[in-house]
Amino acid sequence: QVDVTAMARLFGYVDVTDSGFVAAVLSIAFNPLFWNVVARWEHKTRALSRIFGSPRAACYCLGAVILMLNCVRSHCFTEAMKSQPKLEGLDCHWAYYSGLAILAVGTVFVISSFLALGFTGTFLGDYFGILMEAKVTSFPFSVLDNPMYWGSTAIYLGWSLM
C-alpha cells in the first residue's frame, strides 16, 4: 500500500488546473528542450550558420531567441506564483528575507557565469563551432560544476519564497 497523504497535502497547495500554472510548466519544460534540439540540429547540419551567413551571427540570433523565451518563462512563472495558494507559514519576514538572500546568491552565480563564459559561451557557441580557448575554471566554476543552472534554480526558489 502507498501512503498518498503527503501528495494529497501538496495538491492542496498547488492548483494544477490553473492556466497560469500550466503555462509556467510548459514554458519551463519547453525552453531547454527547444534550445538543445536547435543547437544539436545546427551542430549536425550547420543550417543556421548558412542562413545567417556565419556561425557567430547564427549563435547571436539563437541567443536572442533564448533570452526572449526566458523572459516569457519568467513572466509565466511569476504569474503562476501570484495565482497559486499561499502557505501561511511562509507569510513572514524571515521567509521573505531568506528568499531574497537565495535570489541574490543565484543572481551572483548567473551573472558571474555569463561574464566568465561570454555570450557565445553561454548561448551554445560550441554547437556552432565557436570554442573557448581553454576550460573556464575561475569563479563561479571553481565553486560549482553548473553555476548557471544552480543559479537559475536558486533565483526561482528565492522568488517563490518571496
Side-chain angles (χ1 to χ4, degrees), residues 1-42 59-127 132 135-162:
Q1 270 191 339
V2 176
D3 183 15
V4 293
T5 347
M7 192 59 103
R9 193 173 328 148
L10 173 66
F11 281 119
Y13 291 107
V14 179
D15 180 7
V16 295
T17 62
D18 176 47
S19 61
F21 177 82
V22 172
V25 168
L26 290 176
S27 66
I28 289 166
F30 175 77
N31 284 8
L33 178 67
F34 168 79
W35 72 61
N36 278 294
V37 167
V38 170
R40 288 170 193 261
W41 175 68
E42 166 62 18
C59 183
Y60 275 94
C61 288
L62 178 60
V65 170
I66 290 170
L67 285 171
M68 286 187 283
L69 287 171
N70 286 343
C71 289
V72 170
R73 177 184 63 189
S74 294
H75 173 74
C76 290
F77 180 83
T78 302
E79 292 303 309
M81 292 305 298
K82 287 180 189 176
S83 67
Q84 289 296 305
K86 311 290 185 261
L87 286 171
E88 299 82 29
L90 293 179
D91 192 19
C92 60
H93 290 296
W94 75 265
Y96 178 83
Y97 290 115
S98 296
L100 188 60
I102 292 168
L103 188 143
V105 168
T107 301
V108 167
F109 280 126
V110 169
I111 291 173
S112 60
S113 296
F114 180 81
L115 293 174
L117 294 171
F119 193 90
T120 57
T122 300
F123 294 107
L124 307 164
D126 52 336
Y127 287 91
M132 308 280 293
K135 182 178 178 180
V136 178
T137 57
S138 61
F139 182 82
F141 295 92
S142 59
V143 178
L144 293 169
D145 283 338
N146 299 296
M148 186 77 71
Y149 294 128
W150 285 109
S152 296
T153 302
I155 288 170
Y156 285 109
L157 174 61
W159 193 244
S160 298
L161 287 172
M162 292 172 62

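As a basis for the values below, the full set of heavy atoms in this structure was taken, side chains included, without hydrogen atoms, waters or symmetry mates.
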Would you say that [X] contacts [Y] through its side chain, given a criterion of any heavy-atom pair below 4.5 Å between the two side chains?
X	Y	value
Tyr127	Cys59	no
Val38	Val65	no
Leu67	Phe123	yes

Gap between atom [atom2] of [Y] and atom [atom1] of [X] - 0.5 Å precision:
X	Y	atom1	atom2	result
Leu62	Thr120	CG	OG1	12.0 Å
Leu124	Arg40	CG	CZ	10.0 Å
Thr122	Met148	OG1	CE	4.0 Å
Ile28	Ser152	CD1	OG	11.0 Å
Asn70	Trp35	CG	CH2	5.0 Å

Got a sec, which residues hit side chain to side chain donor-acceptor pair (under 3.5 Å) with [X], two or more places apart in sequence or on another chain?
X	answer
Ser98	none
Trp159	Thr78
Ser138	none

Testing the 3.5 Å rule here: is there a donor-acceptor pair between the side chains of Tyr156 and Ser74? yes
For [X], all residues meeting side chain to side chain contact (heavy atoms under 4.5 Å, CB included), sequence neighbours excluded:
X	value
Leu33	Val37
Ile102	Ala154, Leu157, Leu161
Ala64	none
Ser27	Arg73, Cys76

Of all heavy-atom pairs between Val110 and Ile155, which one has the smallest distance, and what is that distance? CG2-CD1, 3.9 Å
Ring pair (Phe, Tyr, Trp, His ring centres under 6.0 Å) against [X], all qualifying residues, sequence neighbours excluded:
X	answer
Phe30	Phe34
Tyr97	none
Phe21	none

Please table the atom pairs, donor to acceptor, closer than 3.5 Å between any side-chain atom in residues 139-146 and protein atoms at least two apart or in another chain.
none

Can you pull the salt bridge (Lys or Arg N to Asp or Glu O under 4.0 Å) pairs that have at least one residue in residues 80-108, sequence neighbours excluded? Glu79-Lys82
Are the side chain of Asp18 and the backbone N or O of Gln84 linked by a donor-acceptor pair below 3.5 Å? no
Mutual orientation of the aromatic rings belonging to Phe119 and Phe114 [parallel < 30°, tilted 30-60°, perpendicular > 60°]: perpendicular
